[in-house]
2 protein chains.
Amino acid sequence: MTDSSVDDVEALVRDEPAGSKMELRLWLRLLSCSNLISAEIRRRLRVDFDVTLPRFDVMAQLHREPDGLRLGDLSRRMMVTNGNITGLIDRLAEEGLVVREADPDDRRAITVRLTRAGSKMFRMMAAAHETWIHEMFGRLTPKTLDRLLDDLQALKVSAAGGLRGADPE
Amino acid sequence: MTDSSVDDVEALVRDEPAGSKMELRLWLRLLSCSNLISAEIRRRLRVDFDVTLPRFDVMAQLHREPDGLRLGDLSRRMMVTNGNITGLIDRLAEEGLVVREADPDDRRAITVRLTRAGSKMFRMMAAAHETWIHEMFGRLTPKTLDRLLDDLQALKVSAAGGLRGADPE
DNA sequence: GATTTTTCCTTCAAGCATAAAATTTCTGCA
DNA sequence: TGCAGAAATTTTATGCTTGAAGGAAAAATC
């Protein structure tokens, strides 16, 4: 048993309604930013390229690995479940954008990579995507941008430390 | 025609790979924060209360309106489509947490409100939710918290201005 | 070498979310 | 009055996502 149990008790005893409300507001604001932007990106991917965001994300990962990725690696990188990846790759393969390849050394494993068509398609989408991001983020000053990058990193660390079952070390 | 068209041209002509990369990094970081936190909240809602986040969100809206809300208002507040709300309310009604009520003045409209059981359930979940948020956001200093609140507001404004079809005024 | 455990992937059932089309009801207007 | 159009909701088809269960292959253990 470590000091963490003491911290827990203190956290339960301490009541700070003001601080809690601020934290809640921040969470809601973060969520609305994220949703606003991702909804717009989804919309543009659909209208301009007839592609969904998850498909785009898969292709982005594969584009960085010309030799392909195992399905398990893909699901870990995208932080989604295995079953999800199976379906996404099914659909992308139907469209001829990716191919599944058996691993000669491990018959359980399957490697996926972009086809030539998939790679070409991704490069077009990535260029558009970058300009979209600039349209939406471009009104931030470089200073604000830097600050957000830092502060969100701090938030990420804070949140990761608050995960249930997180190791307090 | 305003000065904004001039800005647009300049934005197109200007090429700033460094700035664009920073913007992309910021977007990915924002997304990973948002996903990390919302995944944890979803997990805890499921484990502790056997409830999904969308259901929790609906109940949160209804809890603020004891007289109930029309389905259309609900879908606008939650920024989701009408069809989505129909299904969510179906399921919540099956569980006895909300009730649909016909509007006597407008036979097209339907008002939804929390039942007593739904209200009780929501109050329990909301209390837990607040402590979860504190566990994840509590390591941020008040200064960082304020700064994030401001900077995310600026991002929201920037992004809203970059929506396709957005009025440049 | 045989048995257990782990890893990798797929399948399944349920729920969430969207866009587009359909239904019912109301409103405005000629 | 009659009727065109708008508004509120539902339906439909499709796709994403999850958690849990299952099967096949590899690795670890005895």
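The chains referred to below are lettered A, B, ... by the order of the sequence lines, with proteins before strands, and numbering in each begins at 1.
- Side-chain nitrogen and oxygen atoms of Thr81(A) include at least one within less than 4.0 Å of the OP1 or OP2 phosphate oxygen of dT18(D).
- Atom CZ in Phe56(B) sits roughly 15 Å away from atom P in dC16(C) (whole-Å rounding).
- Between the CG atom of Asp90(A) and the P atom of dT14(D) there is a distance of 17 Å, given to the nearest Å.
- Nucleotide dA17(C) holds its C1' atom 13 Å from the CG atom of Leu53(A), rounded to whole Å.
- Taking 4.0 Å as the cut-off between side-chain N and carboxylate O, Arg44(B) and Glu40(B) count as a salt-bridged pair.
- Rounded to whole Å, the distance from CD1 on Ile85(A) to P on dG19(D) is 14 Å.
- Among the atoms of the strands shown, none is found under 4.0 Å from any heavy atom of Arg42(B).
- Side-chain proximity of Val80(B) to the nucleotides dT18(C), dC16(D), dC8(C) is greatest for dT18(C).
- Between Phe56(B) and Phe122(B), the gap from one ring centroid to the other is short of 6.0 Å.
- Ranking dC9(C), dA25(D), dA8(D) by closeness to the Asp106(A) side chain, first place goes to dA25(D).
- Note on Thr52(B): only backbone sugar-phosphate atoms sit closer than 4.0 angstrom, heavy atoms only; bases stay farther off.
- Residue Asn84(B) is in base contact, counting any heavy-atom pair closer than 4.0 Å across all strands shown.
- The 5' end of DNA chain D is approached more closely, in terms of each residue's nearest nucleotide, by Thr111(B) than by the other of Gly83(A) and Thr111(B).
- Salt bridge Arg77(B)/Glu65(B): present, at least one basic N to carboxylate O contact under 4.0 Å.
- Within the 4.0 angstrom heavy-atom criterion, only backbone atoms of the sugar-phosphate kind lie near Gly72(A); the bases stay farther away.
- For the pair Asn35(A) CG and dC16(C) C1', the computed distance is 13 Å after rounding to whole Å.
- The shortest distance between the side-chain N/O atoms of Arg107(B) and the OP1/OP2 oxygens of dC26(C) is below 4.0 Å.
- Within the 4.5 Å cutoff, no side-chain heavy atoms of Leu92(A) are placed close to those of Val112(A).
- Residue Glu95(B) contributes atom CD, which lies 13 Å from atom C1' of dA14(C) at whole-angstrom precision.
- A straight line from CG of Leu74(B) to C1' of dT10(D) spans 15 Å, rounded to a whole angstrom.
- In this structure the side chain of Leu71(B) never reaches within 4.5 angstrom of the side chain of Asn82(B), judged on heavy atoms.
- Within the nucleic acid shown, Asn82(A) comes within 4.0 Å of at least one base atom, counting heavy atoms only.
- Of the candidate nucleotides dT11(C), dT9(D), dC8(C), dT11(C) has the atom lying nearest to any side-chain atom of Thr86(A).
- A sub-4.0 Å separation between OP1 or OP2 of dC16(C) and a side-chain N or O of Arg46(B) is absent.
- In terms of position on DNA chain D, the residue among Met78(A) and Asp105(A) whose nearest nucleotide sits closer to the 5' end is Met78(A).
- Put simply, the side chain of Arg108(B) and the base of dA7(D) share a donor and an acceptor less than 3.5 Å apart.
- When heavy atoms are screened at a 4.0 angstrom cut-off, Arg76(B) is found touching no nucleic acid atom at all.
- Remark: Arg91(B) is not in phosphate contact with dG15(C), judged by side-chain N or O atoms under 4.0 Å from OP1 or OP2.
- Within 6.0 Å of the CZ atom in Arg100(B), the count of heavy atoms belonging to other residues, nucleotides or ligands exceeds 12.
- One interatomic measurement links the two molecules: CG of Leu71(B) to C1' of dT10(D), which rounds to 10 Å at whole-angstrom precision.
- Residue-level contact check: Leu88(B) touches the backbone only, with heavy atoms under 4.0 Å from sugar-phosphate atoms and none from bases.
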